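For clarity, every value in this text was computed on a predicted model and none was experimentally measured. Whatever order the structure lists ligands and atoms in, that order sets their numbers, starting from 1.
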Amino acid sequence: MDMKIALVPGDGIGPDIVREAVRVLDRVASAYGHSISYEEVDAGGISIDRYGIPLTEDALEKAKAADAVLLGAVGGPKWDGVPGPKRPEKGLLGLRSGLGLFCNFRPAVIYPELSAASPLKDSIITRGVDLLVVRELTGGIYFGERGRSDDGEEAYDTMRYSRGEIRRIAAKAFEAAMGRRRKVTLVDKANVLESSRLWRETVSELAASYPEVELDFMYVDNAAMQLVRDPSRFDVLLTENMFGDILSDEASMITGSIGMLSSASLREDSFGMYEPIHGSAPDIAGKDIANPIATILSAASMLRYSFSLEKEAAAIESAVKSALSDGIRTRDIAVEGEKTVGTVECGREIEGRIG
Ligand code: NAD
């Protein structure tokens, strides 16, 4: 297969970790007979430095012309004084909205080798944590009508969803569940909110097209509790924008290792943007310390969701697991006394376990 990938290294550790993901992708391509062409795209602080704005039209066009985007991270103290609309994060938001990405996948996995990093008790972790939060990204209360009364004493925000918006993200969740443990939990507040009742109706109707997938429902307050009480009960957790914003952060923190978690932002076709959930970690940029695994796992998700290369994606994931089993640790995931490796060595160790 020929793959055209836009690389957005961004700022801070972005270039360090994207370089390692490319190393691993290149190895997969040669082992499995694919070819990859890369187009480098500026976004965030680096774009502010070069062009005065966090995302140029040209950069967005280059991203649009690719089959998928792999992003490092944007931002850093250097641009803290930059006014709102020109801040580095606007580059990321501009990419997400300019590319029409309405669906966000955030896996939360606890690797047995790294269980000491999780704030959860061993008795909970041993049941296994491997869940996927599927969050709606372009609708709901963050995008609904909002305002203030004339006297400024009242304010309102509106949560609106259409059946079409719900159906398209629910389909993504069911499809993802088919490749996992085949269970979708719709998280909502259907005892109070009319929009949640529309979600339940629409998702239940769609469930008929996925008879192999079990669907259940949970109120968001209970879900927040269950995520720390028994996360093993979740496979795919499907939810609207604001609930997903909160629950995906909660889910990632229970794993305790920010340098390990990937994310994917998708739309109806196969196009997607893939990135680690962590930021640009300016404190460790350029020092060969950053953990590249979240970005390497993001590249695996890209192969799975944008190119349907399941075998190749799984090869990356098992190379990561094997490196962890063999004691390969960057500083952030090492416990006291453990030997650590740098960013480049970590990337090479994973690359060496493929093919
Ligand atoms: P951060 O995620 O960059 O860093 C938090 C802590 O985790 C730091 O101590 C950092 O060293 C560590 N860390 C993060 N990623 C790591 C990795 N791969 N390996 C080892 N350690 C890692 O969050 P922050 O410090 O709040 O933000 C720093 C900058 O990143 C800010 O400018 C912020 O706006 C930006 N940011 C960008 C994104 C993004 O691009 N998606 C997300 C969050 C924050």
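Contacts between Ile289 and ligand 1, counted as non-hydrogen atom pairs separated by less than 4.0 Å, are absent for every part of the residue. At a heavy-atom cutoff of 4.0 Å, ligand 1 is contacted by no atom of Thr330, backbone or side chain. If you look at Val74 next to ligand 1, the close heavy atoms, those under 4.0 Å, come from the backbone and the side chain alike.
Nearest protein heavy-atom contact of atom 41 (N) of ligand 1 is Leu92 CD2, 3.4 Å. Protein heavy atom nearest atom 5 (C) of ligand 1, with residue, atom name and distance: Ile258 CD1, 4.8 Å. For atom 25 (O) of ligand 1, the closest non-hydrogen atom on the protein side is Pro282 CD, 4.9 Å. Looking only at heavy atoms of the protein, atom 2 (O) of ligand 1 is closest to Gly279 N, 2.7 Å. Nearest protein heavy-atom neighbour of atom 21 (N) of ligand 1: Ile284 CD1, 3.6 Å. Protein heavy atom nearest atom 8 (C) of ligand 1, with residue, atom name and distance: Asp283 OD2, 3.7 Å. Summary of contacts: the protein heavy atom closest to atom 13 (N) of ligand 1 is Ala281 CB, 3.9 Å.
Closest to atom 29 (C) of ligand 1 by heavy atom, among Gly75, Pro276, Gly76, Ser280, is Ser280. For atom 19 (N) of ligand 1, the candidate residues are Ile333, Thr295, Asn291; the nearest heavy-atom contact is made by Asn291.
Hydrophobic clustering places Ile284 together with Ile17 (ILVMFWY residues linked when any side-chain heavy atoms are closer than 4.5 Å, directly or through intermediates). One hydrophobic cluster holds both Phe243 and Val236 under the rule that ILVMFWY side chains link at heavy-atom gaps under 4.5 Å.
Set against the non-hydrogen atoms of Ala73, the atoms of ligand 1 under 4.0 Å away are 40 (O). Of all the atoms in ligand 1, the ones that sit under 4.0 Å from a non-hydrogen atom of Ala290 are 19 (N). Of all atoms in ligand 1, listed by their number and element, those nearer than 4.0 Å to a heavy atom of Glu275 are 41 (N).
Ligand 1 lies nowhere less than 4.0 angstrom from a heavy atom belonging to Ile17.
Closest approach of Cys103 to Val134, counting heavy atoms only: SG-CG1, 4.1 Å.
Below 30°, between 30° and 60°, or above 60°: for Phe105 and Tyr305 the angle between ring planes is above 60°, a perpendicular geometry. Aromatic ring pairs are classed by plane angle as parallel below 30°, tilted from 30° to 60° and perpendicular above 60°; the pair Phe174 and Tyr210 is parallel.
With hydrogens and angles disregarded, no donor-acceptor distance shorter than 3.5 Å links the side chain of Ser306 to the backbone of Leu303.
For the pair Arg200 and Asp188, the salt-bridge criterion is met [side-chain N within less than 4.0 Å of a carboxylate O]. Glu317 and Lys321 are not joined by a salt bridge, as no carboxylate oxygen comes within less than 4.0 angstrom of a charged side-chain nitrogen. Under a 4.0 Å N-O distance rule, the pair Asp157/Arg146 qualifies as a salt bridge. Salt-bridge annotation for Glu205 and Arg163: present, with a side-chain N of the basic residue lying under 4.0 Å from a carboxylate O of the acidic one.
Residue His278 places at least one N or O, backbone or side chain, under 3.5 Å from an N or O of ligand 1.
Proximity of Met260 to Asp332: side-chain heavy atoms (C-beta onward) are nowhere separated by under 4.5 Å.
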